[in-house]
Amino acid sequence: MLDIKYIRAEPEAVKAGAAKKRIPCDVDAILVLDKEVREMGIAIDEMRNRQKTASKKIGEAPAADRPKLAEEQKREKASLQDSEKEHAALQARLQEMLLRVPNVPAPEVPEGRDDSENVEVKRWGEPRKFDFEPRDHIALGELHDWIDVERGARIAGSRNYFLKGELSLLEGAVMRFALERMVKKGFVPMSVPTLVRREVMVGTGYFPGGEEQAYRCDERDDLVLVGTAEVPVTAYHQDEILDVKSLPRKYVALSSCYRREAGTYGKDTRGLYRVHQFQKVEQVVLDVADPAVSLAHHHDIVRNAEDVLQALELPYRIVNVCGGDLGAPQIQKFDIETWMPSRKGYGETHSASRFHEYQARRLNLRYRDAQGTVRVCHTLNNTVAASVRMLIALIENHQDRDGNVRLPKVLWPYMDGRERIGKSS
RNA sequence: GGAGAGAUGGCUGAGUGGCCGAUAGCGCCGGCUUGCUAAGCCGGUGUACUCCGCAAGGGGUACCGAGGGUUCGAAUCCCUCUCUCUCCGCCA
């Protein structure tokens, strides 16, 4: 959420930002409503002031005079209550509108309509040239009995799956490797709730707007399954005022992630590229409200992900996500796409976002700076490793002619010392 | 699931209708003091919105878990919800 004071001061910047993101937003209507709410608030404050003063006088008056004085106050009270009711309704409407105002993208965000106009900023590693016809992950899964999508669908519906045998172990190995790598860099590991209250979804910027992508419980429990550990981790310090000396806070969490993937019917239907549930290690950074500091963190969290991909010997590229492909909350986003032979291209595996105050303001997540001033934090996050897509890349890229898979050295300790997996290894 | 207790400022903890945005202690910040390992003394110390002011600063309003109600007036009375704790039951 943007600061209403910022919207008042820079309405044109907000409009331009929304236009760049291709998100409709009636800034003028917000300003009109804001003015109305504010003027009404002043009037109500004055009415309350008169009312409080009068009440105090009644308290000081001799008991005999009180009923008469109280009678007079009753009329005042009625009109105050009407105004308060109206004011509350207007405020709620304004708040609803403010929650939908998109964050203003950074100047470095490229113009563009959709992901086809994202701008590649870096490439690492050479996609491997196979001297045999490589199998895709489904074929490899069948060969080794690693993947069962049929029973997955029978038990849990489409886009659900079982991982078995070595691939199930490999999933754990990759997650554990990614987690430990981040802990070594000073990130505090966390195990987190994946079923959260709606307000946390609002606080992190997923609601309103993203309701269709989230699973929710029925009316007995008004909870939502998170699509990423970013949600509980970023909200961890909700409503707190942190000491500036305790910043930055760097957290890393492994969690299950749940996505409805509504509106993706027919898209990526083969294989495990797009699924309803997966494991992911996520990094989250909270720090002071300084754009330069945030930018530095942004580069750091991208580096952290690159570090993991390089250790796993997977070719990737980084794209600067264009305005039209950017969500409402982000200032800027870098996606990392990893080479997947079955796609004959790069597939998104990481998403590094910088939010400035957008999430923190919604979460009421603040800090007290060295001067004692209370300010809203900045937040960022990025994937470290997301399970199924990382497994697709690993087994497809590192397969041999027989369909066995060479493991990168960094995974050996997590796979009981094994250097390869597959039938003949 | 049953029975009970509770939720107050960074923390502990008073407050049962007007003198309470809230006693006190601790902590923290500033100052003073004393030669003795640290203590003592004095002062300050919530957040948000808003108005006035160039500013320093000042005024108003709201907030005592959340929401509603009673009342001229609510931290205090009533209702609903959330959360915490204790005991019993059940499950792991």
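Just so it is clear, the model here is predicted, and its values are computed rather than measured. Here is the naming used below: chain letters follow the sequence lines, and residue numbers restart at 1 for every chain.
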* To do: In whole angstrom, give me the gap between the C1' atoms of B:C79 and B:A22.
  => 25 Å
* Quantified in whole Å, what is the C1' atom distance between nucleotide B:C78 and nucleotide B:U70? -> 7 Å
* Asked: If you measure from the P atom in B:C41 to the same atom in B:G53, how many Å do you get, rounded?
  -> 45 Å
* Quick one: does NZ or CZ of A:Arg389 land under 6.0 Å from the six-membered ring centre of A:Tyr273, within 45 degrees of the ring axis? -> yes
* Could you check whether A:Arg197 gets within reach of a base, just the sugar-phosphate, or nothing at all, counting any heavy atom under 4.0 Å? => sugar-phosphate
* Could you check how far NZ of A:Lys245 sits from P of B:C28, rounded to whole Å? => 11 Å
* Shortest non-hydrogen separation from A:Lys333 to A:Ser353 and the atoms involved -> CD-OG, 3.5 Å
* Under a 4.0 Å N-O cut-off, is there an ion pair linking A:Asp307 with A:Lys185? -> yes
* To do: Rounded off to whole Å, could you give me the CZ-to-P distance for the A:Arg50 and B:G60 pair?
  => 15 Å
* Structure fact -> Separation of B:A62 atom P from A:Gln51 atom CD, nearest Å, is 9 Å
* Structure fact -> CG (A:Leu170) and CE (A:Met175) are apart, to the nearest 0.5 Å, by 9.0 Å
* What interatomic distance, in whole Å, is found between P of B:G69 and the corresponding atom of B:G73? -> 12 Å
* Asked: If you pin A:Arg366 and A:Leu69 to their nearest nucleotides in RNA chain B, which one's is more 5'?
  -> A:Arg366
* For A:Arg368, which contact category applies under a 4.0 Å heavy-atom criterion: base, sugar-phosphate, or nothing? -> sugar-phosphate
* Asked: Looking at A:Glu108 and A:Arg354, does any basic side-chain N land under 4.0 Å from a carboxylate oxygen?
  -> yes
* Asked: Using purine N1 to pyrimidine N3 plus N6-O4 or O6-N4 for Watson-Crick, or N1-O2 and O6-N3 for G-U wobble, both under 3.5 Å, which nucleotide pairs with B:G53?
  -> none
* Using Watson-Crick or G-U wobble geometry with both distances below 3.5 Å, tell me the partner of B:G40, or none. => B:C32
* Which part of the nucleic acid does A:Lys57 contact within heavy-atom distance under 4.0 Å: base, sugar-phosphate only, or nothing? -> nothing
* To do: May I ask you to say what A:Ile42 touches in the nucleic acid, namely base, sugar-phosphate or nothing, with a heavy-atom cut-off under 4.0 Å?
  => sugar-phosphate
* Under 4.0 angstrom, heavy atoms only, what part of the nucleic acid is A:Lys68 near: base, sugar-phosphate, or nothing? -> nothing
* Asked: Within the structure, does a side-chain N or O atom of A:Asn49 lie under 4.0 Å from either OP1 or OP2 of B:G60?
  -> no
* Asked: What integer distance in Å separates A:Gln73:CD from B:U70:P?
  -> 16 Å
* If the plane angle is over 60° it's perpendicular, under 30° parallel, otherwise tilted; pick one for A:Phe177 and A:Tyr414. => perpendicular
* Once you apply the 3.5 Å cut-off to both distances, tell me the Watson-Crick or G-U wobble partner of B:U23, or none. => none
* Base-pairing assignment for B:C91 (Watson-Crick or G-U wobble, both under 3.5 Å) -> none
* **A:Arg66 vs A:Glu71, salt bridge (Lys or Arg N to Asp or Glu O under 4.0 Å): CA-CA, chis, key distance, verdict** => CA-CA 8 Å; A:Arg66 287 184 193 179; A:Glu71 194 57 39; over 6 Å; no
* Does A:Lys52 have a side-chain nitrogen or oxygen under 4.0 Å from the phosphate oxygens OP1 or OP2 of B:A62? -> yes
* **Between B:C91 and B:G2 - C1' atom distance, rounded Å** => 16 Å
* **A:Arg406/A:Glu313 salt bridge by N-O under 4.0 Å criterion** => yes
* Identify whether any heavy atom of A:Arg38 sits under 4.0 Å from a base atom; if not, whether one sits that close to sugar-phosphate; answer base, sugar-phosphate or nothing. => sugar-phosphate
* Asked: Taking a pair as Watson-Crick or G-U wobble with both distances under 3.5 Å, which nucleotide is matched to B:G46?
  -> B:C63
* To do: Please check the phosphate of B:G18 (OP1 and OP2 only) for any side-chain N or O of A:Lys56 closer than 4.0 Å.
  => no
* Asked: Rounded to the nearest Å, what distance is computed from the CD1 atom of residue A:Ile58 to the C1' atom of nucleotide B:G73?
  -> 7 Å
* What is the distance from CZ of A:Arg48 to C1' of B:U50, rounded to the nearest Å? -> 12 Å
* For B:U71, give its Watson-Crick or G-U wobble partner with both distances under 3.5 Å, or none. => none
* To do: Write down the distance between CG (A:Leu80) and C1' (B:U61), rounded to a whole number of angstrom.
  => 11 Å
* **P atoms of B:G57 and B:G9, separation to the nearest Å** => 27 Å
* To do: If B:C85 has a Watson-Crick or G-U wobble mate with both distances under 3.5 Å, name it; if not, just say none.
  => B:G4
* **Earlier contact from the 5' end, RNA chain B, for A:Asp34 and A:Arg66** => A:Arg66
* Nearest-angstrom distance from the residue atom CD of A:Glu199 to P of B:G65 -> 17 Å
* To do: Please state the C1' separation for the pair B:C26 and B:U45 - nearest whole angstrom.
  => 13 Å
* Asked: Using the P atom in both, what is the distance from B:C81 to B:G25, to the nearest Å?
  -> 40 Å
* Asked: Base, sugar-phosphate, or nothing for A:Arg375, non-hydrogen atoms under 4.0 angstrom?
  -> nothing
* Asked: If you look at every strand shown and take non-hydrogen atoms under 4.0 Å, does A:Glu46 touch a base, only sugar-phosphate, or nothing?
  -> nothing
* Asked: Looking across every strand, which nucleic acid part, if any, lies under 4.0 Å from A:Lys77 by heavy atom: base, sugar-phosphate, or nothing?
  -> base
